[in-house]
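Everything below concerns the one structure shown next.
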Amino acid sequence: MKKLLLFFSFLLFAVYSCSDDDKVDSGSTAVSFAESSVNLKENVTDVVISFSKATASSGVITLNVTETEAKYGTDYATEPSGSATKIEIPFNEGVSKVSFKFNKLIPANEGQIKNVKLTINKISTNYEITGNNKMVLNFNETALTGKSLAPEVGGPAQPNQVYIDLSSGTMTTVPRVSWDLGFYSGNEFRVILNNSVKMSAKSLVNNNLAAVVSEDSSMLIGQGSGSVNQIDNPTGDITGTAIAEISANDAENSVYLVNLGSNPSTTPPALGSPAADSGTHRGWKKIRILRNGNGYKLQYADLNATTFNEVTINKDAAYNFSFFSLTENKTVQVEPQKDKWDLNFTTFTNIVGGTTPYFYPDFVVNNSRGGAFVYGVSTKDFSYESFSLGNVDQSKFIDDQRGIGSSWRGTSTAGPDGLPVSQFVLKTDIFYVMKDPAGNVYKIKMTGGALPNLERGHPTFVYELLK
């Protein structure tokens, strides 16, 4: 009898031990800010950092600090205390979130862009930093009434994409080669290509990812080359992706040959010329994408490989897309949350003549998928200064992410001999009206795109809230 009781005791202990092990090994703990940005309406604001599951042990989260017209100890302070460059936030075992207090000491003046950007830099435990790894605290209690901004796209090679939230004046800058695929978070199962680097994709009409594949130079995108069927619809229509909608039936999801496009050039061009599309080729991949519950399963490999990598990518309703880098083999943070950005200064693969891909530097995309819509206004009809909320024509807002596009600039002018020469030309006969995801309406005027010495890739603009 004693032996029997001892056996059942051991069995019970083993069962509970396995249960505990399963709980620990059910996936890594992810850490992120609960919000990506906030307008500081109160003098004291609780900043929340969330864990994907209860913490297994205590630890410390280290935040990097970036100040814009704000100084630690003068304009703001935190509890626990920190510095102008770093704040350390301790957390206990068994918690699903931790918070700290951000004290606004001196508010922003009207029209002033004043904020503090926090970035989760490291964690004393082996938790994964994901989701909102950055948070911007804006000292303005409400949407800005207007400001002049200079997105840092990086000069003539324009290596950066810059996402802008007009209501806060926040600019988020990411290298445009940092991502390759965007996995849609809406109802459809769609995947976009990074059109800022001239990517393209072609179905191989089979689902055998182990088969060796050859490069296809006809897929390369240039100034009037490539196939319109191998790039995403430039309007931003999610049903117009080069990769077909991902089917619930795995057998219907074919392998795609993917051209990763071009790097920005590292060679300075002649003054007045761009260098956004003249870098080295980024290579090729073969991919296959399946559904995984309400998310995706991405399989990818080099063209001559007979095995492949596989990763699951979940939808996140707070964002338009979840992004993945095929070259870095990981998910990456690119766009801010879908209701936290309005404009993207970028390069862009457009279509001319209805059928021909064409690559554009100095392009401006509006966040149509998140609810930011734009239309242009001729100065023959209104001056920028006199245009008011009563002049807004709601019928002119259209569902196209190219509301500004390239219409704000030209790329050549007459040279000494009368022949055209490459040069940035700002168009002064047009400005824009934009309605953001929160319903705020702004007028926007582009004010520049090149330095006095004609070096391109230095856009500037002004905007004003209409009320």
Only one of P234, P361, S196 passes side-chain contact (heavy atoms from CB on, under 4.5 Å) with F348, and that residue is P234

Tell me yes or no: between the side chains of Q333 and K134, is some donor less than 3.5 Å from an acceptor? no

Once you round to the nearest 0.5 Å, how far does CD1 of I246 lie from NZ of K297? 13.0 Å

Verdict with supporting geometry, V31 and I120, side-chain contact (heavy atoms from CB on, under 4.5 Å): CA-CA 9 Å; V31 184; I120 302 176; 4.3 Å; yes

Shortest non-hydrogen separation from D436 to Y442 and the atoms involved: OD2-CE1, 3.7 Å

Side-chain touch L343/I444, heavy atoms, less than 4.5 angstrom: yes

Apply side-chain contact (heavy atoms from CB on, under 4.5 Å) to M135 and V47, showing your working. CA-CA 9 Å; M135 181 178 185; V47 178; 3.6 Å; yes

Which residue, F363, Y163, F461, forms the ring pair (Phe, Tyr, Trp, His ring centres under 6.0 Å) with F345? F461

Do W408 and Y360 have ring centres separated by under 6.0 Å? no

For V392 and F397, run side-chain contact (heavy atoms from CB on, under 4.5 Å): C-alpha distance rounded to whole Å, both residues' side-chain angles, the deciding distance at 0.1 Å, then the answer. CA-CA 10 Å; V392 176; F397 291 116; 3.9 Å; yes

Minimum-distance pair of heavy atoms, taken over all atoms of G224 and T356: CA-CG2, 3.3 Å

Nearest heavy-atom neighbours spanning S32 and T130: CB-O, 2.9 Å

Could you pull out the closest heavy-atom pair between P274 and R456, with the gap in Å? CD-NH1, 3.4 Å

Quick one, I164 and L149 - any side-chain contact, counting heavy atoms below 4.5 Å? yes

D342 vs P437 side-chain heavy atoms within contact, under 4.5 Å: yes

Check for a donor-acceptor pair, side chain of S57 on one end and backbone N or O of E93 on the other, with a separation under 3.5 Å. no

Give a yes-or-no answer on whether the side chains of N121 and T119 include a donor-acceptor pair shorter than 3.5 Å. no

Testing the 3.5 Å rule here: is there a donor-acceptor pair between the side chains of H281 and N259? yes

Spacing of I61 atom CD1 and I129 atom CD1 [to the nearest 0.5 Å]: 8.5 Å

Here the gap from S406 atom OG to K427 atom NZ, rounded to the nearest 0.5 Å, amounts to 7.0 Å

Please determine, by modelled atom types, if S368 and Q401 share a side-chain donor-acceptor pair under 3.5 angstrom. no

Report yes or no: do T241 and Y184 form a side-chain donor-acceptor pair below 3.5 Å? no

Side-chain touch L303/V212, heavy atoms, less than 4.5 angstrom: no

Can you see which heavy atom on A157 is nearest to which on S265, and at what distance? CB-O, 3.5 Å

Hey, do the aromatic rings of F324 and Y296 have their centres closer than 6.0 Å? no

Does the pair R288 and N253 meet the rule for a side-chain hydrogen bond (donor to acceptor under 3.5 Å, both in side chains), with working shown? CA-CA 7 Å; R288 187 171 181 235; N253 296 312; over 6 Å; no

So do the side chains of L193 and L181 get within less than 4.5 Å of each other, counting heavy atoms only? yes

With no hydrogens and no angle check, do the side chains of Q161 and W179 hold a donor and an acceptor under 3.5 Å apart? yes

Check for me whether K443 meets the cation-pi criterion with F387, that is, NZ or CZ under 6.0 Å from the six-membered ring centre and within 45 degrees of the ring axis. no

State, without any angle test, whether S167 and D165 hold a side-chain donor-acceptor pair at a distance under 3.5 Å. yes

Between E252 and S247: side-chain donor-acceptor atoms closer than 3.5 Å: yes

With K435 as the cation and Y375 as the aromatic partner, state whether NZ or CZ is under 6.0 Å from the six-membered ring centre and within 45° of the axis. no

For a quick check under 3.5 Å, do T235 and D400 share a side-chain donor-acceptor pair by atom type? no

Do K101 and T78 have side chains that get closer than 4.5 Å, going by heavy atoms? no

If we only count heavy atoms from C-beta on, is the L204 to Y256 side-chain gap below 4.5 Å? no

Checking N263 against T280 for the side-chain hydrogen bond (donor to acceptor under 3.5 Å, both in side chains) test, could you report, in this order, the C-alpha distance in whole Å, the side-chain angles of both residues, the deciding distance, and whether it holds? CA-CA 5 Å; N263 289 300; T280 57; 2.9 Å; yes

Over all heavy atoms of both residues, which pair between S178 and V332 is shortest? Give the atoms and the distance, please. O-CG2, 3.5 Å

Under 3.5 Å side-chain donor-acceptor pair for T347 and R176: yes

NZ/NE/NH1/NH2 to OD/OE distance under 4.0 Å, K286 and D302: no

Close side-chain approach of L260 to K285, heavy-atom, < 4.5 Å: yes

State whether a side-chain donor-acceptor pair under 3.5 Å links S203 with S254. yes

Quiz question: by atom type and distance under 3.5 Å, do the side chains of Q158 and D362 form a donor-acceptor pair? yes

